[in-house]
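Everything on this sheet refers to the single structure shown next.
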Amino acid sequence: MPSGLFQSFDPAEPVPASYYRNGAPHLVRDPETLLDGMNPQQREAVVHAGSPLLIVAGAGSGKTRVLTHRIAYLLGARGVQPGEILAITFTNKAAGEMRERVEALVGPRAKAMWVSTFHSACVRILRRESKRLGFTSSFSIYDAADSQRLMALVCRDLDLDPKQFPPKSFTAKVSNLKNELIDEETYAGQADNAMERKLAEAYALYQRRLREANALDFDDIIMTTVNLLQAFPDAAEHYRRRFRHILVDEYQDTNHAQYMLVRELTGGASGQAPKKTVDGEFVNPAEAALAEIPPAELCVVGDADQSIYAFRGATIRNILDFEEDYPNATTILLEQNYRSTQTILSAANAVIERNSNRRKKNLWTAGAEGTRITSYVADDEHGEAQFIADEIDRLTDAGDAKPGDVAVFYRTNAQSRVFEEVFIRVGLPYKVVGGVRFYERREVRDVLAYLRVLANPEDSVPLRRIINVPKRGIGERAEAMIEALASRERISFPQALLRVDEAYGMAARSANAVKKFNDLMAKLRGVVESGAGPAAVLEAVLEETGYLAELQASTDPQDETRVENLQELAAVALEFEQEEPVEGPDGEPVQTGLPGFLERVALVADSDQIPDEDGEGRGVITLMTLHTAKGLEFPVVFLTGMEDGVFPHMRAMNNTKELEEERRLAYVGLTRARERLYLSRAVLRSAWGQPSYNPASRFLEEIPPTLVDEKRTAAAAVPSLKSGGVGGSGGGFGGRSAGTGTAGGRRSTPAAGWGKNAGRMKDRPTVTLAVGDRVTHDRFGLGTVMAVSGPADDAKATIDFGAEGTKQLLLRYAPVEKL
DNA sequence: GCTCGATATTTTTTT
DNA sequence: AATATCGAGC
């Protein structure tokens, strides 16, 4: 029998019934072996019982391992039933991974746990409780683009000047309000200037339209669930009795609504006492029942230093104030890092330390110091990409890395282009993650809109999207007439569409087009009613609407890709259809058929595309934004575009709060690297078609110079200023300020006017020194470096020259050479 | 009603 | 540079 597996318990302990579900006991790990190889803090986090638990998990501290082992321990050692566990993550990918890893530990009974995202958990609850909330269980889910479109319609209906009241900003504001759990009525009461009153009006109409369409937007999903739990004590009771253990991952990314949701589900947080009369009687008997349920055991995991979604309403407050929200909470700090070299960790620590008001944390590793971080200053973004391509080539040739080990990070999606160009040219395999996402592509959204209308005929947003796609002669004017009919007859837009004949002033040709459209939809509805699955319905849509035919007939090369995307969508539908219907634990409704498919598509963004480690293959280089990189790790990481204005982003630079968020983003980026870390920047970068000179990112200066090996410096990057023959940029231009021209097939770099190094004429490239390095000085002779301080390109060193004494030197000017 | 060309607009975005 | 949006003209 393999060690670590056993079949019986200590006789002193009763065997938990959970071990014998489904008949015969299966091989179960001794729960204590779950603690093998863990450090003391991790163990404590796994076994802790009896009070709310906050696990402050630094980057790479084995967070997921702790969470999964904690769940396994709950099941194995504490007799918890799988059905009593609710584990919440932010992404479907994270949820899937967690479930998989728990299943590997405890076997198939893990299936009965709820491991899901905030949104899918809430949708599940809402489908079950939809009746009491006034919509049907087949409600539609509006994503950001749908919300946008609906708000645009609403603003138009209210005759709002789009210049003065931009629908886009209204959408964002409504989203923020919902994240703060402020509903339209409450907001109407507090709006006190012209703009806010208009917003209140738009908010109210927007909500009305959603209800009419039997739809909820992303933010509603959370807010409505909170409202449900607060308004219906018996509903709250059901879920509180059920979920006795609630685990929340990435707690630093929760917004207020999600925070309240966790509180409502857990019960027992401070300030939760139900209303009582003066005699101590409960006002509401259902609340009395609720009050008797002891609070669930709450365990949240997070790292305030990795909070990078404040711009979407996430609030660090939730993690910082956890101990106040849950007064008897225990906090465990995980600082030991199992991912990166000490060099990388020291750099990350040094950067994040500049943020104010943070809980002090010091990542450390029992592992190696590792190689120094490589920095590189390129002439322009092409040079930067070229350097990275060359370096990856070098690493792979030397057998130090496979392409799949390498990730290239950047601040904004637009920066990926140059890397793609260069990688294609030199033949490096790569994959860009993110950017325009699959489910946001026009053709995918068009076709899904058909399916949505078929699933929910009252949903007017997708209906209006496809009413004239492909073009069938129902223009703006015709649409306006239908709308007029709808408001005249006080019916919905979809209903008005069916009564075209009553539309006043509609051209015969338009009316005929609408009728043909109605016939088409009726025919498709017939396909749905015949019991066809999502894949068959999708195929019917593609055929009957002529959508596919139009794309295939097109000469636009883009349309070829579109056909492929639709094929992929059809494949997804087929896959969904053939999935064995996962039985919801204890008969929870699980959506199948068209509504099920649409729900899947609405709640699953495609983070699926992060290249997996495929055992055999050498993998591909991963290109992505820093935001997308959170939670991942790679042996080799290139952090690119390290320039003020790019990263930190220009719009975050004059605001301390936003700058601190950028710094956390830098921290996230740095801590993704396991072994090798590269920091690169370009002196000249073309952004929005305009070339601009960017100074070094302030984050670079925050990394101790001793940790960095400057492979190419700013001095080398400015041809006209350098004396040595370092690097192969444009070639020398004397001392002249060269304009933007072409030299050696590459754009050259004007000399004047950039950064703090301008004016440093004719000196050698700044040496990078580390403590202990031996140097020679033109005047003082041999010396040993005692200390180094200051930012990389402005570093000072303390050097012991023996008989000549110990000198403080500014390396930028000092005539020192490394030996 | 549709197409073309001028004009404005660009962060990040797990759901 | 690339794309979305808008208005004029067919």
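So that the names make sense, note that chain A is the first sequence line, chain B the second, and so on, each numbered from 1.
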DNA chain B nearest-nucleotide lookup for A:Lys630 and A:Glu479: closer to the 5′ end is A:Glu479
- Salt bridge between A:Asp446 and A:Arg562, side-chain N to carboxylate O under 4.0 Å? no
- Item | side-chain hydrogen bond (donor to acceptor under 3.5 Å, both in side chains) between A:Glu420 and A:Tyr430, worked out | CA-CA 8 Å; A:Glu420 289 193 72; A:Tyr430 72 90; 2.9 Å; yes
Here the distance between atom C1' of C:dT5 and atom CZ of A:Arg149, to the nearest Å, is 13 Å
A:Phe218 atom CZ is separated from B:dT13 atom C1', nearest whole Å, by 11 Å
| message | For the CD atom on A:Glu575, are there more than 12 heavy atoms of other groups (residues, nucleotides or ligands in this structure) within a distance under 6.0 Å? | response | no
Discussion item. With a 3.5 Å cut-off and heavy atoms only, can you find an N or O donor on one side and an acceptor on the other between the side chain of A:Arg651 and the base of B:dT12?
Written reply: no
So, is A:Ser686 near the phosphate of C:dA1, with a side-chain N or O under 4.0 Å from OP1 or OP2? no
Rounded to whole Å, OH of A:Tyr667 lies from P of B:dT12 at a distance of 24 Å
| message | With a cut-off of less than 4.0 Å, is there a side-chain N or O of A:Arg417 near OP1 or OP2 of C:dA2? | response | yes
A:Thr117 has its side chain closest, among B:dC2, B:dG1, B:dT15, to B:dT15
### Query
For A:Phe311 and B:dT11, are the ring centres under 5.5 Å apart with planes inclined under 30°?
no
Separation of B:dT15 atom C1' from A:Asp143 atom CG, nearest Å, is 10 Å
With respect to the phosphate group of B:dT13, does any side-chain polar atom (N or O) of A:Asn413 fall under 4.0 Å of OP1 or OP2? yes
Has A:His649 got its ring stacked on the base of B:dT11, with centres under 5.5 Å and planes less than 30° apart? yes
**Asked** Across the strands shown, which category fits A:Asp219 at heavy-atom distances under 4.0 angstrom: base, sugar-phosphate, nothing?
**Response** nothing
Taken to the nearest whole Å, NE2/A:His382 to P/C:dA1 is 10 Å
Taken to the nearest whole Å, CZ/A:Arg411 to P/B:dT11 is 10 Å
Ranking B:dT15, B:dG1, B:dC2 by distance to the side chain of A:Ala478, first place goes to B:dG1
**Asked** Is the shortest distance from a Lys or Arg side-chain nitrogen in A:Asp146 or A:Arg445 to a carboxylate oxygen in the other one below 4.0 Å?
**Response** yes
Any side-chain N or O of A:Asn468 below 4.0 angstrom from OP1/OP2 of B:dG1?
no
Side-chain donor/acceptor pairs under 3.5 Å, residues 149-159 of chain A, sequence neighbours excluded:
| from | atom 1 | to | atom 2 | distance (Å) |
| --- | --- | --- | --- | --- |
| A:Arg156 | NH2 | A:Glu483 | OE1 | 3.2 |
| A:Asp157 | OD2 | A:Arg209 | NH1 | 2.9 |
| A:Asp157 | OD2 | A:Arg209 | NH2 | 3.0 |

When rounded to whole Å, the CG to P distance for the pair A:Asn512 and B:dG1 reads 13 Å
- Message: Whether A:Thr628 contacts B:dT13 is assessed here as follows: a side-chain N or O lying under 4.0 Å from the phosphate OP1 or OP2. Is that the case?
- Response: yes
Rounded to whole Å, CG of A:Asp249 lies from P of B:dT15 at a distance of 14 Å
